[in-house]
Amino acid sequence: MTAVPPSKTQARKRRRRNRWIIGGIVAVVIAVGVWFQYFRKTEELVAVETAKVGRRDLTEIVLANGRIQPVTQVTINPEVAGEIIELPVKEGQQVKKGDLILHIKPDNYLAQKNSAEATHMSALANHEQAQAELDKAEADFKRNEELFKRKLIAENVFADFNTALALARLRLQNSNHLANQAQFALDQATADLTKTTIVAPMDGTVTRLKSQLGERVLGTSFNMGTEILTIARLDEMEARVDIGEIDIVLIKEDQPVRLEVDSFKNRKFKGTVSAIANASKSSSQTQGSTSSSGQQEAPKFEVKIRVLDKEAFRPGMSVSAEIETRSRQNVLVVPIQSVTTRLPKAGATPAKTDGKPAAPIKPIEVVFVRDGDKVKMVPVKTGISDSDYFEIVEGLSEGQEIVTGGYKAISKDLEDGKKVKFGGDAKKGK
């Protein structure tokens, strides 16, 4: 028998039924996927680590970097100009107070001294001559005064002797001024000649030599003069570090310091704060000055730290300082990573007043405390800190269990009342 082909109507019904079946299967797959993802997310809890609030001693540290420098050092700049004809020292050489360290060619200054001396001698001779003339004028005046009283000479003749006496007195006074002026010039010329020879002002070491034999140098009458060499006492050293304006108010004299010098690996040296600058390094610059990058430079204050340990330090060595500023004994502490910031709860939002919007809400410091299988957000007030712990002034009690990790959970994921998973599966980190 020959098969009868299905009609067109039946074929359309079959295709429609197949589409419904396929659509239903797809819908079921999608529903199952959504259901799986939903319940998977609801059951995936944030894993955290915890620790209990305890007590310990805290010491707050301010970190700073700088350079090692001698406590006492002197830069030698000549007071007179000329050619260096003697330079009997070299860099690194030790010198004693009074040792010759520099001699400038004295020929010009010797000639000036001789000229000034001759001028002074001439001025003294003129002074003696004026004194002799005054003595003669006084004698003539007295003799003729007696004659005038007895009316043996005319009045105009006696007036001439009186005038001569007055002029003699003025010449003596003028010669005295000229003699003093010549003496001052001689003293100056003698001093300039003496300044051509420079001796060491103290015991020490030549740490820097910037001039050479035969070089012509300028004296301090020409601005700062030529810097020739530096003498320093290397048995007393200090660290000079820069500290920002936020931390400088915490620094006090005699605070203990731990120092690390790059040239001496794995060693720490003891020190103490000896001096604190009253003005920032940039205070002498024009107000509003900016750095080469176009940003305004942050104020820095120089702090000097006396190095108590003896070692072969050299000027300019790099140093790192840990200054102990404040200490607390037996205080409540939590790990630094436990403290984070969050916005206050909605109930704490300030309302508008007088039609004006309230000030922006600022984040507050909080710690997450274990509350059963959940965490509770607790605002805290912190005190000082060291590299690992914060002091807790308000908000927590000793023995409370707080969340200490991981970093992402504390800084972002945790919320007040959120259910979490406690244990060692949390992500660690600060």
Side-chain angles (χ1 to χ4, degrees), residues 55-71 236-262 268-291 293-309 317-342 344 359-367 379-396 430:
R55 291 184 179 272
R56 63 182 294 137
D57 297 341
L58 280 187
T59 300
E60 188 174 56
I61 301 295
V62 171
L63 303 178
N65 298 315
R67 301 282 181 178
I68 292 290
Q69 296 292 347
V71 174
E236 295 182 353
M237 306 296 283
E238 65 185 9
R240 299 177 186 176
V241 299
D242 294 336
I243 295 180
E245 59 183 332
I246 295 177
D247 293 328
I248 192 63
V249 295
L250 303 175
I251 308 300
K252 302 290 186 295
E253 289 189 9
D254 299 325
Q255 288 176 335
V257 185
R258 294 190 298 273
L259 300 169
E260 290 186 10
V261 181
D262 293 351
K268 288 185 180 291
F269 301 94
K270 294 181 181 179
T272 181
V273 176
S274 58
I276 306 167
N278 289 319
S280 68
K281 283 187 170 183
S282 58
S283 62
S284 60
Q285 301 175 358
T286 305
Q287 186 176 4
S289 62
T290 57
S291 64
S293 61
Q295 297 180 349
Q296 187 170 352
E297 296 180 358
K300 295 288 185 180
F301 295 81
E302 184 178 72
V303 173
K304 296 181 179 180
I305 301 168
R306 181 68 62 89
V307 182
L308 302 180
D309 297 324
M317 286 182 172
S318 299
V319 63
S320 300
E322 298 177 355
I323 306 174
E324 299 180 7
T325 56
R326 295 180 292 182
S327 296
R328 301 284 188 271
Q329 283 70 44
N330 197 32
V331 293
L332 286 178
V333 297
V334 298
I336 281 183
Q337 68 270 19
S338 300
V339 181
T340 186
T341 57
R342 293 287 193 276
I361 303 173
K362 296 182 179 180
I364 59 174
E365 291 183 324
V366 299
V367 169
V380 294
K381 181 179 180 181
T382 59
I384 69 171
S385 65
D386 61 10
S387 59
D388 299 312
Y389 293 92
F390 266 122
E391 174 193 9
I392 298 299
V393 179
E394 294 179 3
L396 297 177
K430 294 184 181 180

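A salt bridge links E238 to R240: at least one charged side-chain nitrogen sits closer than 4.0 Å to a carboxylate oxygen.
We find the CG-CZ distance between D254 and R306 to be 11.0 Å, quoted to the nearest 0.5 Å. Atom CD1 of residue I251 and atom CD1 of residue I305 lie 8.0 Å apart, to the nearest 0.5 angstrom. Atom CG of residue L332 and atom CD of residue E394 lie 11.5 Å apart, to the nearest 0.5 angstrom. Going from atom CD1 of I336 over to atom CG of D388 covers 6.5 Å, rounded to the nearest 0.5 Å.
For S274 (side chain) and K304 (main-chain N/O), a donor-acceptor pair under 3.5 Å exists by modelled atom type. Here the side chain of D386 pairs no donor or acceptor atom with the backbone of L58 at under 3.5 angstrom. At least one donor-acceptor pair under 3.5 Å links the side chain of E391 to the backbone N or O of I384.
In terms of the side-chain hydrogen bond (donor to acceptor under 3.5 Å, both in side chains) criterion, E245 has no residue partners (sequence neighbours excluded). Under the rule for a ring pair (Phe, Tyr, Trp, His ring centres under 6.0 Å), the partners of F269 that lie at least two apart in sequence or sit in another chain are F264, F313.
In this structure, the side chains of T340 and V366 come closer than 4.5 Å at one or more pairs of heavy atoms. Side-chain contact between S280 and K300: absent, with no pair of heavy atoms (C-beta onward) separated by less than 4.5 Å. Under the 4.5 Å side-chain criterion, counting only non-hydrogen atoms from C-beta, V62 is not in contact with I248. By the 4.5 Å heavy-atom criterion applied to side chains, I61 and E324 are counted as neighbours. Taking 4.5 Å as the limit, every side-chain heavy atom of D247 sits out of range of all side-chain heavy atoms of T325.
When every heavy atom of L63 is checked against every heavy atom of E322, the shortest pair comes out as CD2-CG, 3.4 Å. Residues L308 and G271 share a closest heavy-atom pair of CG-CA, 4.0 Å. In plain terms, the two heavy atoms of P363 and T341 that are nearest each other are CB-CB, 4.0 Å. When every heavy atom of S385 is checked against every heavy atom of F390, the shortest pair comes out as CB-CD2, 3.5 Å. Across every non-hydrogen atom of A321 and L259, the tightest pair is CB-CD2, 3.6 Å. Taking each heavy atom of I323 and Q255 in turn, the nearest pair found is CG2-OE1, 3.6 Å.
Sorted by first and then second residue, the salt bridge (Lys or Arg N to Asp or Glu O under 4.0 Å) pairs with a member in residues 57-67 read E60-R326; sequence neighbours excluded.
Under a cut-off of 6.0 angstrom, the local environment of CG in N278 is sparse, with at most 12 non-hydrogen atoms contributed by other residues, nucleotides or ligands. In the displayed structure, K268 atom NZ is contacted under 6.0 Å by more than 12 heavy atoms of other residues, nucleotides or ligands.
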Practice task
For V71 and M237, run side-chain contact (heavy atoms from CB on, under 4.5 Å): C-alpha distance rounded to whole Å, both residues' side-chain angles, the deciding distance at 0.1 Å, then the answer.
Solution key: CA-CA 5 Å; V71 174; M237 306 296 283; 5.6 Å; no
